[in-house]
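The block underneath contains the structure these notes are about, expressed in structure tokens.
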Amino acid sequence: MADETVKYGIIGVGMMGREHFINLSHLRSDGAAVVAVADPHVPSQTLAQDLAESFDWPIQVFSGHREMLDSGLCDVVIVSSPNMTHYRILMDIINHPKPHHVLVEKPLCTTVADCKEVVEAARKRPDILVQVGLEYRYMPPVARLREIVKSGTLGRVKMVAIREHRFPFLVKVNNWNRFNVNTGGTLVEKCCHFFDLMRLFAGANPVRVMASGGVDVNHKDELYDGKVPDIIDNAYVIVEFENGARGMLDLCMFSEGSKNEQEISVVGDIGKGEAFVPDSIVRVGSRNAGRDGVQTIIAKNEQIKYDGLHHGSSYLEHVHFLAAVRSKGEKPPAVDLQDGLVSVAIGVAAQLSIERGRMVTIEEVMD
């Protein structure tokens with residue numbers, strides 16, 4: 001058992017909030033403890049209480065996040081509430097007299113303006129660590145591919161292609177995720193993960209985005225308060241980076257018949273690497289060795305105690321953030337606010353590109 005218990009509070013205990021709860025239960029022996037939750041939705045409160053009882057963890061339940069912050073119970077706060085609430089909650093945490101370290105679910109906020117305001121506010125609180133939940137970085141095959149890219153095996157990265165072919169958006173509390181005004185749009189809500197990975201693999205910041213997408217299959221027969229959902233269910237997105245590398249996202253959310261949900265390809269000037277999720281396979285080859293020289297690697301991380309919804313990446317995210325918290329400022333968060341901001345900016349630019357039918361610069365959406 002770690003000497004000092006780190007006390008967590010979770011704001012928003014819907015599906016992802018409870019997923020964080022379960023992940024933290026697997027870090028109990030490392031000194032993590034969930035002591036409080038906040039959520040105005042009574043059924044979600046009840047489910048969180050049931051979880052706490054199953055772990056024999058006594059928790060305080062609050063209807064609002066401000067009451068939880070004022071209680072002084074928590075060292076760390078996880079923000080896993082609906083996207084459109086992130087900005088207000090983050091500003092309340094950052095401006096609270098008691099410092100609370102924060103792990104905020106993606107996206108950081110639904111707009112670039114809100115993200116920038118959070119970044120600026122956080123700069124004035126050096127006593128607070130803020131990490132953004134872009135945990136796909138930690139998926140074992142993705143992490144292994146990152147190591148290969150960093151090693152120089154592929155040479156200078158020129159192209160990054162990411163395909164996500166998956167099931168439609170799940171049902172969330174009060175169906176908040178059916179509308180762009182709440183989510184930021186599919187390319188912000190879901191795809192900020194992939195834009196973050198593109199930026200990592202490319203090793204540069206984005207400059208231009210061009211996208212095509214639409215609402216072609218999913219949710220068209222749904223109606224909420226007289227409104228039909230407007231979240232897109234498929235898109236192609238091209239991202240150009242300042243070092244000349246290009247990224248492409250191929251998103252389809254009506255393709256349950258896929259063997260792998262995510263397929264990532266990184267091509268350099270001397271080699272190519274691929275990662276497949278959930279197969280957890282990495283392939284790497286070189287131009288010189290050709291097809292016969294392609295190696296297949298099974299990607300595993302023995303540190304993972306709980307696979308959960310994201311193949312162990314959420315567990316590793318918590319391991320790294322807990323280490324950063326315990327370092328008392330010596331170790332920065334692995335995924336910082338700038339990472340969160342840029343991933344949202346690319347998504348916003350892609351949504352705008354679809355809406356306006358033209359290429360959109362990152363400068364345009366950042367101004």
Side-chain angles (χ1 to χ4, degrees), residues 12-20 22-23 43-44 47 80-84 105-107 110 133-142 161-198 211-224 227-237 248-265 274-281 299 304 306-315 317 343 347 350-351 354:
V13 282
M15 183 187 73
M16 273 312 301
R18 297 194 299 275
E19 173 75 358
H20 285 295
I22 297 168
N23 273 280
S44 294
L47 290 168
S80 46
S81 55
N83 298 0
M84 69 284 191
E105 262 299 330
K106 61 78 193 167
T110 58
L134 294 165
E135 76 279 359
Y136 280 26
R137 295 176 176 213
Y138 297 115
M139 287 182 180
V142 176
I162 300 178
R163 169 182 288 169
E164 180 171 64
H165 282 196
R166 55 162 280 172
F167 48 88
F169 278 121
L170 300 174
V171 175
K172 297 291 182 77
V173 173
N174 296 326
N175 301 295
W176 67 265
N177 64 337
R178 293 304 195 250
F179 297 95
N180 290 334
V181 68
N182 296 330
T183 67
T186 299
L187 299 177
V188 172
E189 203 288 327
K190 182 73 192 73
C191 301
C192 57
H193 277 304
F194 306 120
F195 300 137
D196 177 61
L197 295 182
M198 280 184 193
S212 173
V215 186
D216 292 336
V217 176
N218 297 340
H219 316 302
K220 297 178 77 170
D221 58 350
E222 299 174 12
L223 199 65
Y224 304 100
K227 297 178 182 178
V228 177
D230 59 358
I231 48 170
I232 65 173
D233 56 21
N234 71 101
Y236 291 116
V237 182
M248 185 190 75
L249 172 68
D250 167 3
L251 173 73
C252 180
M253 300 189 68
F254 45 88
S255 51
E256 293 90 330
S258 302
K259 188 174 190 297
N260 281 292
E261 192 170 311
Q262 288 102 23
E263 301 177 6
I264 301 172
S265 168
E274 297 174 282
F276 300 88
V277 180
D279 273 359
S280 208
I281 288 173
I304 295 171
Y306 175 66
D307 282 341
L309 299 177
H310 300 109
H311 313 290
S313 62
S314 294
Y315 174 81
E317 170 184 57
S343 69
Q351 292 279 155
I354 292 171

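Index from 1, following the sequence. In this text, all values refer to a predicted model and were calculated from it rather than measured experimentally.
- Among residues two or more places apart in sequence or in another chain, the side-chain contact (heavy atoms from CB on, under 4.5 Å) test is passed with P43 by H41.
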Go through the steps to decide whether D250 and V237 satisfy the test side-chain contact (heavy atoms from CB on, under 4.5 Å), and finish with yes or no. CA-CA 7 Å; D250 167 3; V237 182; over 6 Å; no
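- Within the 4.5 Å cutoff, no side-chain heavy atoms of R137 are placed close to those of V142.
- Counting only heavy atoms from C-beta outward, the side chains of L134 and L197 never approach each other to under 4.5 Å.
- From R166, atom CZ reaches atom NZ of K190 across 5.0 Å, with rounding to the nearest 0.5 Å.
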Could you go step by step and tell me if H310 and M16 meet the side-chain contact (heavy atoms from CB on, under 4.5 Å) rule? CA-CA 11 Å; H310 300 109; M16 273 312 301; 3.7 Å; yes
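- Scanning both residues, A299 and S280, for their nearest heavy atoms gives O-OG, 2.6 Å.
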Where do Q262 and F276 land on the side-chain contact (heavy atoms from CB on, under 4.5 Å) test, with the steps shown first? CA-CA 6 Å; Q262 288 102 23; F276 300 88; over 6 Å; no
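- Considering only residues two or more places apart in sequence or on other chains, Y236 meets the side chain to side chain donor-acceptor pair (under 3.5 Å) condition with none of them.
- To the nearest 0.5 Å, the span separating CZ on F194 from OG on S343 amounts to 12.0 Å.
- Listed by chain and residue number, P168, D233, M253, F254 satisfy the side-chain contact (heavy atoms from CB on, under 4.5 Å) test with N218 (two or more places apart in sequence, or in another chain).
- Shown here are the ring pair (Phe, Tyr, Trp, His ring centres under 6.0 Å) partners of Y306, two or more places apart in sequence or in another chain: H26.
- Shown here are the side chain to side chain donor-acceptor pair (under 3.5 Å) partners of K220, two or more places apart in sequence or in another chain: there are none.
- The closest side-chain heavy-atom distance from V173 to S44 is below 4.5 Å.
- Considering every non-hydrogen atom in both N180 and G185, the closest pair reads OD1-CA, 3.3 Å.
- Residue F195 holds its CZ atom at 5.0 Å from CG of L249, rounded to the nearest 0.5 Å.
- In terms of the side-chain contact (heavy atoms from CB on, under 4.5 Å) criterion, residue partners of S265 (sequence neighbours excluded) are, by chain and number, A161, V267, K272, E274.
- Once rounded to the nearest 0.5 Å, the distance linking NE2 of H219 with CD1 of I232 reads 11.0 Å.
- Residues W176 and N83 share a closest heavy-atom pair of CH2-OD1, 3.3 Å.
- Counting all heavy atoms, side chain and backbone alike, G347 lies closest to V188 at C-CG2, 3.6 Å.
- Listed by first and then second residue, the salt bridge (Lys or Arg N to Asp or Glu O under 4.0 Å) pairs that reach into residues 176-189 are K106-E189, R178-E222, sequence neighbours excluded.
- The shortest distance between side-chain heavy atoms of T186 and L251 falls below 4.5 Å.
- Within the 4.5 Å cutoff, the side chain of M198 has heavy atoms near those of the I162 side chain.
- A 4.5 Å side-chain heavy-atom check between I231 and V215 finds every atom pair outside the cut-off.
- With sequence neighbours excluded, no residue forms a ring pair (Phe, Tyr, Trp, His ring centres under 6.0 Å) with H165.
- The side chain to side chain donor-acceptor pair (under 3.5 Å) check on T110 picks up nothing, with sequence neighbours excluded.
- Remark: N234 pairs with D216 by the side chain to side chain donor-acceptor pair (under 3.5 Å) rule, at least two apart or across chains.
- For the atom pair CZ of R18 and CG of N23, the computed distance is 13.5 Å after rounding to the nearest 0.5 Å.
- Here the OG1 atom belonging to T183 is positioned 7.5 Å from the CG atom belonging to N177, to the nearest 0.5 angstrom.
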side-chain contact (heavy atoms from CB on, under 4.5 Å) evaluation trace for D196 with Y136: CA-CA 9 Å; D196 177 61; Y136 280 26; over 6 Å; no
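- The shortest non-hydrogen separation linking K259 to P278 is O-CD, 3.9 Å.
- With sequence neighbours excluded, no residue satisfies ring pair (Phe, Tyr, Trp, His ring centres under 6.0 Å) with H311.
- No hydrogens or angles considered: nothing links the side chains of H193 and E164 as a donor-acceptor pair under 3.5 Å.
- R163 pairs with exactly one of M248, E263, E261 by the side chain to side chain contact (heavy atoms under 4.5 Å, CB included) rule, that one being E263.
- The ring pair (Phe, Tyr, Trp, His ring centres under 6.0 Å) test applied to Y315 returns no partner, not counting sequence neighbours.
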